[in-house]
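Working notes, structure below.
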Amino acid sequence: MTPRRKRMLAVAAIVIGVGAATTVALQALNENLLYFYSPSQIMAGEAPGERSFRLGGLVTTGSVQRSPGSMEVRFTVTDHAQTIPVSYTGLLPDLFREGQGVVARGKLLDDGTFVAEEVLAKHDENYMPPEVAESLHQPPPAAGGAS
Amino acid sequence: MATWTWFHKLASPPHFYRIAGMLMPWFAWPAAILIIAALYGGLVLAPPDYQQGEGFRMVYVHAPSAWMSMFIYATMAIASAIALIWRMKLAHAVAAAAAPVGAWFTFAALATGSLWGKPMWGTWWVWDARLTSELILLFLYLGFMALRSSIEDPQRADRASAVLAVVGVINLPIIHYSVYWWNTLHQGATITKIGKPSITMDMLWPLLAMMLGFTLYFGAVLMIRLRAEVIRRERNAAWLREELAR
């Protein structure tokens, strides 16, 4: 074996070795790398019960209710299989709207309501001018955006 | 081994020094034209987004910067592997010259993303898999540069940093696929997606032009930096004195 061939194998071994080690480590950490849990995962009991965690999904169309005279907002978050009611008091980000993705951090109460301390909007990968969006979904974006 | 002569010839410093000087403007001019056209197309011609309004225009700097952060790292890692296997000093020089440029593009991607995240997501920063792995990329660049400058002997500095660059390449697929492997706040890919396009043509072309423009800009800067790197490494060589005297 020439020295060059030996070095080639050494470099390949480094990449494969580090790759394998990283894969195993990431597999082990998989749960901690999830930024949020979906409503189905929560219903299946995968979310940590007592600790606060993040819930992610789409805001159900027609579910947003604001209580007059306070900052409280109630809405439900869905992944089309399960739905979780959320209550939140505070300012909502620009992109928060019905049918769009959100990630809320908070705790799940015993009655099944998720009380959020923070609500972030999750943007999807679609970019289009307003006219195109209008022609795609009429009336306003139906949850799912299957169009 | 006749097929490899061009490769070995390219690795000879005098030859490469001249070629890099000749190539530089061929990268620089198209880059300037593309970037100016893309800025006009992205900031003036493209319509506002249906959800994000005018704020979406950040994508014209953010996505190309993020692309460059990964492209430059791949360049560095490949150059480092070549340098380790074929003991090619010029390839070490490529990695060394590329690193600071890549670090700045990574910083730009993180900074623009943060500026966009505040109004759109409602936060400057989250520790999701995409953002965290991109931050690790910045640390890999900084670690590479710190390692080089902390070792006195140039040959040992070259080899140690090259091993680091090769090891770090594992982060690239993690960055790219993080949005699919895990739930992240960051959205999935828009343009590398197979199937129906997620962006309309009038918004897409400035983005692609900007990515190509940034890539060519990197080519131009790499040529300039490589010439400087060659001068530094060959400062006592006779050919250099002749070259500079011309």
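All chains are named by letter (A, B, ...) in the order of the sequence lines, taking the proteins before the strands, and each is independently numbered beginning at 1. Just so you know, these numbers come straight off a predicted model, no measurement behind them.
Heavy atoms of A:V103 lying under 4.5 Å from chain B belong exclusively to its side chain. Proximity to chain B is absent for every atom of A:V102, based on heavy atoms less than 4.5 angstrom apart. There is no contact between B:V179 and chain A, counting heavy-atom distances below 4.5 Å. B:M120 touches chain A through backbone and side chain together, each having a heavy atom under 4.5 Å away.
Counting heavy atoms from C-beta on, the side chains of B:W116 and A:H123 come closer than 4.5 Å. Looking only at side-chain heavy atoms (C-beta outward), B:I85 and A:M8 come within less than 4.5 Å of each other. Between A:L26 and B:W182, the closest side-chain pair of non-hydrogen atoms falls below 4.5 Å.
In terms of non-hydrogen atom pairs under 4.5 Å with chain A, the most contact-rich of B:I174, B:T184, B:D202 is B:T184. For the options B:D128, B:V167, B:D49, heavy-atom pairs under 4.5 Å to chain A are most numerous at B:D49.
Residue-environment remark: CG (A:D110) stays at or below the threshold of 12 foreign heavy atoms within 6.0 Å.
With rounding to the nearest 0.5 angstrom, the CZ atom of A:R54 is 8.5 Å from the CG atom of B:L185.
The minimum heavy-atom distance linking B:Y50 with A:R97 is given by the pair O-NH1, 4.4 Å. Contact between A:V15 and B:I170 at its shortest, heavy atoms only, is O-CD1, 4.1 Å.
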